[in-house]
Enquirer: 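Input: one structure, supplied below.
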Number of protein chains: 4
Amino acid sequence: MGHTTSPDTRRHHGNRYGRSEDARRAVLEAVDDLLVEHGFAGLTIERIAAAAGVAKQTIYRWWPSKVDILLDALGDDLAEELVPPDHGDLRRDLREHLAAVALFLTTADAGAVFRALIGQAQHDPDLAARLRTEQISGQHARDRLPFERALARGELPAGTDLDGAVEQVIGPIHYRVLVTGAPVTREFTDALADRFLASRRP
Amino acid sequence: MGHTTSPDTRRHHGNRYGRSEDARRAVLEAVDDLLVEHGFAGLTIERIAAAAGVAKQTIYRWWPSKVDILLDALGDDLAEELVPPDHGDLRRDLREHLAAVALFLTTADAGAVFRALIGQAQHDPDLAARLRTEQISGQHARDRLPFERALARGELPAGTDLDGAVEQVIGPIHYRVLVTGAPVTREFTDALADRFLASRRP
Amino acid sequence: MGHTTSPDTRRHHGNRYGRSEDARRAVLEAVDDLLVEHGFAGLTIERIAAAAGVAKQTIYRWWPSKVDILLDALGDDLAEELVPPDHGDLRRDLREHLAAVALFLTTADAGAVFRALIGQAQHDPDLAARLRTEQISGQHARDRLPFERALARGELPAGTDLDGAVEQVIGPIHYRVLVTGAPVTREFTDALADRFLASRRP
Amino acid sequence: MGHTTSPDTRRHHGNRYGRSEDARRAVLEAVDDLLVEHGFAGLTIERIAAAAGVAKQTIYRWWPSKVDILLDALGDDLAEELVPPDHGDLRRDLREHLAAVALFLTTADAGAVFRALIGQAQHDPDLAARLRTEQISGQHARDRLPFERALARGELPAGTDLDGAVEQVIGPIHYRVLVTGAPVTREFTDALADRFLASRRP
DNA sequence: CTCTAATCGAGACGGTACGTCCAGTCTTTCT
DNA sequence: AGAAAGACTGGACGTACCGTCTCGATTAGAG
């Protein structure tokens with residue numbers, strides 16, 4: 001977002017005095033702090049405006065709702081933080097990636113934003129749809145990469161259901177994070193990877 | 001809940017002879033309908049009171065917040081609807097139970113309540129804790145039953161990690177319901193059961 | 001009356017044939033205290049019930065509203081405290097009586113009740129009517145007595161408008177108490193008496 | 001900064017450019033009507049808001065309570081309606097003014113507001129103080145004017161207690177209005193004026 | 001010397017209004 | 001034109017009392 005001065009007029013800045021970028025940054029930073037400090041319910045537009053030193057109207061001008069601000073704040077963090085490694089070995093790639101996913105969901109700031117959005121998506125089908133098309137499907141594609149490479153290398157038998165594989169290893173992590181609240185340890189994620197491999201390469 | 005045909009209507013003159021069962025039932029029924037009809041955000045105390053034909057104060061007298069009403073409404077529905085069958089065969093028990101779980105989460109009214117509570121729990125750690133101790137741990141125990149029986153029957157090797165087994169088959173269902181929004185078909189749940197069995201009984 | 005009752009019959013709890021004198025007294029006493037302590041607005045039925053250790057229903061059983069309790073509490077205090085003296089001399093009678101009226105209105109507990117009722121009567125025509133027929137007309141008759149006696153003694157000319165005379169001396173006192181809030185001193189009331197006499201006996 | 005040449009636009013940038021005069025007027029007019037129609041107890045903030053077509057918050061933004069609205073509504077009505085005439089003759093001035101006062105208190109809409117405030121002031125010392133300093137003392141000064149002019153003209157002896165004179169003629173009117181409820185006729189007010197003059201100019 | 005009906009305490013009930021908070025829109029002033 | 005400020009309508013919040021209503025316990029006269 002920094003200085004995309006190029007022909008990217010799709011975005012919504014466009015102030016001839018150039019001050020809107022200040023406001024935009026202030027809002028996105030405030031939103032992160034306030035989410036951590038006051039929780040999702042305490043994240044009101046008025047509070048964001050006050051904390052960012054920005055007028056409410058300025059927020060409404062650019063973001064339809066507070067979840068849009070969060071989506072914006074989430075930004076490309078997912079893509080940045082959760083790209084799986086490529087060591088040429090499925091077990092190693094999988095173990096590292098699952099550990100990274102767990103860490104992101106449980107401790108990263110962007111992970112808190114992600115969890116809040118997932119939570120809100122349960123009440124708001126529109127948000128759910130947007131979240132899926134804008135973030136989750138992309139992440140799913142990244143999660144698939146290690147399996148695709150392994151298939152290409154012959155580590156997995158042809159015809160393996162790669163999407164199913166992703167769900168098999170990623171699903172339990174989200175289940176712990178979102179539902180049971182059990183800690184997502186390295187042992188747990190390693191076991192997930194190992195269990196998958198055991199079932200595919202007897 | 002059942003039919004208060006009670007041998008219990010006298011007795012115990014401490015106070016509160018008076019809690020109105022009618023009011024309680026009306027609120028819990030209204031809450032279910034309104035959640036489906038207006039969504040979680042549209043589920044206001046005032047709307048519940050109006051729909052149930054009850055005074056707001058009566059609601060506040062017995063429930064601290066709307067999520068408490070939902071917890072109450074969820075009540076025994078989980079236990080009633082999601083008790084796994086016992087056919088003496090793990091594959092069959094598992095296939096049926098996972099299908100029932102999927103159906104509950106995606107189509108049942110009580111499933112909508114469950115999803116709303118899970119969503120809200122992402123914003124509210126207290127609710128998360130309560131939800132886990134009051135409902136989810138109990139459901140986890142029920143989900144474990146087929147595995148326990150299979151272990152006793154010798155269908156599973158001694159020392160099998162039963163909790164991990166539950167997470168392995170239940171996790172992906174929740175992942176679809178809560179995160180990706182992909183449809184949870186019978187094929188999907190059957191495949192989960194089969195994949196688990198394949199990995200354990202080579 | 002209380003001669004024979006045994007020492008621990010304080011608790012009453014119901015009697016088919018008679019109301020509880022304890023409850024009545026407790027309410028009337030509580031009402032006085034609460035009016036002074038919390039003002040008229042803070043004088044709620046619930047607060048009276050709590051302070052008197054009595055159930056709300058018991059209050060509603062015997063008094064239609066809180067102003068009725070106040071009317072009851074005012075009782076015969078007016079008649080008891082504001083009977084004009086009879087020294088056979090109008091000036092002396094008048095001076096003493098006006099001073100007594102002033103003292104009652106400004107400092108007596110019953111005077112506070114009276115002022116509260118007069119205040120409420122400005123908002124409530126029914127109360128105004130009852131207050132007038134039950135209390136104020138009687139007091140007006142008492143206020144007239146010194147003039148009637150003086151007329152009979154020949155201190156006032158035949159045909160003197162006695163009601164007008166009462167209003168002439170009593171009116172300014174109420175005007176200070178209810179409207180201007182100026183202190184009603186002995187000098188003031190004496191001057192009222194003297195001014196009346198000066199105008200009638202040139 | 002210092003660019004603006006206009007004399008007083010330099011102040012407080014952004015503080016209530018916006019107070020809506022429409023809203024203010026609508027509230028003050030509604031309050032008059034509703035007081036007459038529903039009485040003081042029926043004069044709720046919610047009803048005022050509804051009748052004025054204004055949000056409750058707008059009322060609370062500008063007035064701390066309903067009595068403050070009434071004080072505002074009373075506003076200049078007193079000064080407008082109750083300025084005594086100046087014919088150069090005390091008897092005529094007094095007769096006319098007292099009749100006007102009586103008419104105001106008994107029949108005018110603003111008179112109803114005044115009576116309600118006086119009534120409420122009996123329960124609320126703060127209101128009493130405010131009412132006196134903001135309205136009653138000013139009215140007392142106006143009531144004094146005829147006497148001051150008469151004194152200057154030599155119609156009254158030097159050293160006459162003018163405040164006492166006001167109380168002598170105004171007090172009985174308020175006494176009838178607030179306490180006895182007797183009708184305040186033209187005969188009554190004329191007699192008050194005449195009686196005063198008889199006592200001062202024997 | 002029990003029966004019974006009005007009374008008592010307690011407090012839950014359907015309501016109304018309170019005063020506060022925030023959403024989302026609109027207007028005004030300054031830059 | 002866009003930003004800060006903030007007033008506006010609207011609506012839900014959670015609280016306080018209202019006046020009504022059971023409820024079991026109490027109690028004195030009638031039977």
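Just so you know, these numbers use all the heavy atoms, side chains as well, and skip hydrogens, waters and symmetry mates. Each chain gets a letter, A, B and so on, in the order its sequence line appears, and its residues count up from 1.
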Enquirer: Which atom pairs, one a donor and one an acceptor, fall under 3.5 Å between side chains of residues 118-125 of chain C and the rest of the protein, sequence neighbours left out?
Expert:
from: C/Q122; atom 1: NE2; to: C/I118; atom 2: O; distance (Å): 3.1
from: C/Q122; atom 1: NE2; to: D/L178; atom 2: O; distance (Å): 2.8
from: C/H123; atom 1: NE2; to: D/A116; atom 2: O; distance (Å): 3.1
from: C/D124; atom 1: OD1; to: C/D126; atom 2: N; distance (Å): 3.1
from: C/D124; atom 1: OD1; to: C/L127; atom 2: N; distance (Å): 3.2

Enquirer: Can you find a side chain N or O atom of B/W62 that sits less than 4.0 Å from OP1 or OP2 on E/dC13?
Expert: yes
Enquirer: Could you give the CD-to-P distance, from D/E21 to E/dC26, as a whole number of Å?
Expert: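 After rounding, the reported distance stands at 22 Å.
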Enquirer: Closest-nucleotide mapping onto DNA chain F: is D/R24 or B/P64 further toward the 5' terminus? I mean the 5' end.
Expert: D/R24
Enquirer: To the nearest Å, give me how far apart CG (C/D68) and C1' (F/dG19) are.
Expert: 14 Å
Enquirer: Just to verify, what does B/K66 make a salt bridge (Lys or Arg N to Asp or Glu O under 4.0 Å) with, not counting sequence neighbours?
Expert: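 For B/K66 there are no salt bridge (Lys or Arg N to Asp or Glu O under 4.0 Å) partners, ignoring immediate neighbours.
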Enquirer: Examine E/dT7: is either OP1 or OP2 under 4.0 Å from a nitrogen or oxygen in the side chain of C/R61? Give yes or no.
Expert: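 Result: no.
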Enquirer: Got a sec, which residues hit side-chain hydrogen bond (donor to acceptor under 3.5 Å, both in side chains) with A/D68, two or more places apart in sequence or on another chain?
Expert: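 A/S65, A/R130.
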Enquirer: Within this structure, what is the CG-to-P distance between C/D22 and F/dT26, rounded to whole angstrom?
Expert: 16 Å
Enquirer: Output all residues satisfying salt bridge (Lys or Arg N to Asp or Glu O under 4.0 Å) with C/D72, sequence neighbours left out; order by chain, then residue number.
Expert: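 Partners of C/D72 under the salt bridge (Lys or Arg N to Asp or Glu O under 4.0 Å) test: C/R24.
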Enquirer: If I compare all heavy atoms of A/A73 with all of A/L28, which pair ends up nearest, and what's the gap?
Expert: N-CD2, 4.0 Å
Enquirer: Report the distance from atom NE2 of D/H38 to atom C1' of E/dT16, rounded to the nearest whole Å.
Expert: 14 Å
Enquirer: Please figure out whether C/S65 or D/S20 has its closest DNA chain F nucleotide nearer the 5' end.
Expert: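 Going by which nucleotide is closer to the 5' end, it is D/S20.
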Enquirer: Under 3.5 Å, sequence neighbours excluded: what are the donor-acceptor pairs made by side chains of residues 36-47 of chain C?
Expert:
from: C/T44; atom 1: OG1; to: C/R47; atom 2: N; distance (Å): 3.0
from: C/E46; atom 1: OE2; to: C/K56; atom 2: NZ; distance (Å): 2.9
from: C/R47; atom 1: NE; to: C/G42; atom 2: O; distance (Å): 3.1
from: C/R47; atom 1: NH2; to: C/G42; atom 2: O; distance (Å): 3.3

Enquirer: Listed in order of residue number, which residues of residues 41-60 of chain B have a non-hydrogen atom at under 4.0 Å from DNA chain E?
Expert: B/G53, B/V54, B/A55, B/Q57, B/T58
